[in-house]
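First up is the structure itself, then whatever we jot down about it.
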Number of protein chains: 2
Amino acid sequence: MPLRNAQANLDHVDHQLLKALSEDADVTNKALAGRLGLAESTCAYRVRALREAGVITGTRVQLDLALLGHPLQAIIMVRLGSHTMANVNQLYDALAATPGVLQAFHVAGADDFYLHVAVENAEALRDFVLRHVTTHRVVRQTETHLVFEVRTGAGVLGSEGQ
Amino acid sequence: MPLRNAQANLDHVDHQLLKALSEDADVTNKALAGRLGLAESTCAYRVRALREAGVITGTRVQLDLALLGHPLQAIIMVRLGSHTMANVNQLYDALAATPGVLQAFHVAGADDFYLHVAVENAEALRDFVLRHVTTHRVVRQTETHLVFEVRTGAGVLGSEGQ
DNA sequence: TGTGAAATATAACGCTA
DNA sequence: TAGCGTTATATTTCACA
């Protein structure tokens, strides 16, 4: 999704709700209401309001990629030779839709895309680059960096008290 | 979490369940069972089994970072001057825990960490680097790349029929 | 896999401050 | 307007056949 600029009006309770849900999205409404000292009806209403306002855009399951047979992760930096709008968008669509791609970053700088991928092994990584990235004519150069570990960061909710 | 090597035994139904849940983790058990042609009790049992097996490690809400006042994203590449185990681990902990950090990648290559961050504006980005990254003595160099857009990729579930 | 009972979620309603 | 409590209905969860 493209980055936008509008900002929502969130009070202290909203922030606490988002924080709690960020840590554990599976918490029951009852437990959530209890922790924040809200009535269950109020808690459910506010969470729904956050979804309708678009602050909570969805819910995602996290998978153990190693258990799924993809224990090897890498960041592949992709540099284009031509930067027409059509070229960039078309490649972006193709890369994001390629199996194994976890995230695709469109970035400023010498490189155009960073691909976060998870693959079966080193051979599959080589094949991924050769078969799904460098095959696109517009790709001029790639640079693959092995990922030792990924951690989920603190996020944006701890910083501001609003 | 560190990347591991074990692999789970998943059949076709498991794959379909994971795929459906990856697209929409909020789907009700009833709808999920209906889509895959399973009994509701069986469907609920299998999803729980996937959680207990560690294949599904958790559930997370997705937030609109722009609506939360952090419309600007960047990738910050961090290079260390010293690579003792203690130095690396301590810095990794500190960076991942810094507010604004979405993900922290520990990678191979010239750089040691890639930080995916979301901040309020350009000034906040400068402050982030100066106050939370380059202040660590072990950091020798940083390189900040603006992120135009991030897309969620296809993931690892489309590739193999298992 | 199906069933049934208990717990929970959801949505609508009116009341209060 | 926002919070609260109470409904009725739908759904989930769990133990058991």
Side-chain angles (χ1 to χ4, degrees), chain A residues 4-64 67-68 152 155-162, chain B residues 8-70 152 155 157 161-162:
Chain A
R4 271 154 295 149
N5 260 312
Q7 183 162 356
N9 272 348
L10 302 179
D11 63 13
H12 184 61
V13 175
D14 290 318
H15 256 269
Q16 285 191 292
L17 283 172
L18 292 174
K19 216 168 192 171
L21 286 173
S22 294
E23 291 164 6
D24 176 18
D26 287 323
V27 66
T28 65
N29 181 66
K30 187 175 186 178
L32 192 57
R35 193 191 309 180
L36 299 202
L38 297 174
E40 290 179 32
S41 57
T42 304
C43 185
Y45 169 77
R46 294 195 70 139
V47 171
R48 188 170 37 144
L50 285 170
R51 288 184 178 274
E52 286 172 357
V55 177
I56 297 175
T57 58
T59 312
R60 300 230 148 191
V61 292
Q62 291 190 303
L63 304 178
D64 186 317
L67 285 179
L68 290 172
T152 299
V156 302
L157 293 173
S159 53
E160 40 184 344
Q162 170 67 261
Chain B
N9 271 347
L10 302 178
D11 63 14
H12 184 61
V13 175
D14 290 319
H15 256 269
Q16 285 192 294
L17 283 172
L18 293 175
K19 214 167 193 173
L21 286 172
S22 294
E23 291 164 6
D24 176 18
D26 286 323
V27 66
T28 65
N29 181 66
K30 187 177 186 177
L32 192 57
R35 193 190 311 179
L36 300 202
L38 297 174
E40 290 179 28
S41 57
T42 306
C43 184
Y45 169 79
R46 295 196 70 140
V47 172
R48 187 169 39 144
L50 286 170
R51 288 184 178 273
E52 287 173 356
V55 177
I56 297 175
T57 58
T59 312
R60 301 228 150 193
V61 292
Q62 290 190 302
L63 304 178
D64 186 318
L65 300 171
L67 284 179
L68 291 172
H70 291 240
T152 299
L157 293 174
Q162 171 66 258

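Numbered from 1 within each chain, the chains take letters A, B, ... in sequence-line order.
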### Query
Can you find a side chain N or O atom of B/Thr42 that sits less than 4.0 Å from OP1 or OP2 on C/dT1?
yes
### Query
Within the pair A/Arg46 and D/dA2, is there a side-chain N or O less than 4.0 Å away from OP1 or OP2?
no
How many Å lie between [atom1] on [X] and [atom2] on [N], as a whole number?
{"X": "A/Asp26", "N": "D/dT12", "atom1": "CG", "atom2": "C1'", "result": "13 Å"}
{"X": "A/Arg51", "N": "C/dA11", "atom1": "CZ", "atom2": "C1'", "result": "16 Å"}
{"X": "A/Leu38", "N": "D/dG5", "atom1": "CG", "atom2": "C1'", "result": "14 Å"}
{"X": "A/His12", "N": "D/dA2", "atom1": "NE2", "atom2": "P", "result": "18 Å"}
{"X": "B/Glu52", "N": "D/dT13", "atom1": "CD", "atom2": "P", "result": "12 Å"}
{"X": "A/Tyr45", "N": "C/dA9", "atom1": "OH", "atom2": "P", "result": "19 Å"}
{"X": "A/Leu32", "N": "D/dG3", "atom1": "CG", "atom2": "P", "result": "14 Å"}
{"X": "B/Glu40", "N": "D/dC14", "atom1": "CD", "atom2": "C1'", "result": "14 Å"}

If you only use heavy atoms from C-beta on, which nucleotide in [options] is closest to the side chain of [X]?
{"X": "A/Asn29", "options": "D/dT6, C/dA9, C/dT1", "value": "C/dA9"}
{"X": "B/Ser41", "options": "D/dT12, D/dC4, C/dG2", "value": "C/dG2"}
{"X": "A/Lys30", "options": "C/dT1, D/dT11, C/dT8", "value": "C/dT8"}

### Task
Over all heavy atoms of both residues, which pair between A/Glu40 and A/Asn29 is shortest? Give the atoms and the distance, please.
O-ND2, 3.2 Å
### Query
Hey, does A/Arg51 have a side-chain heavy atom less than 4.5 Å from the side chain of B/Asp26?
yes
#### Entry: A/Cys43 side chain near A/Leu17 side chain, heavy-atom distance below 4.5 Å
yes
### Task
Could you check whether B/Thr28 gets within reach of a base, just the sugar-phosphate, or nothing at all, counting any heavy atom under 4.0 Å?
sugar-phosphate
### Query
Just checking B/Ala39: base, sugar-phosphate only, or nothing, at a heavy-atom cut-off of under 4.0 Å?
sugar-phosphate
### Query
Does any N or O in the side chain of A/Thr57 come within less than 3.5 Å of the main-chain N or O of B/Asp64, such that one atom is a donor and the other an acceptor?
no
### Task
Please test B/Val13 against B/Thr42 for side chain to side chain contact (heavy atoms under 4.5 Å, CB included), starting from the C-alpha separation and ending with a verdict.
CA-CA 11 Å; B/Val13 175; B/Thr42 306; over 6 Å; no
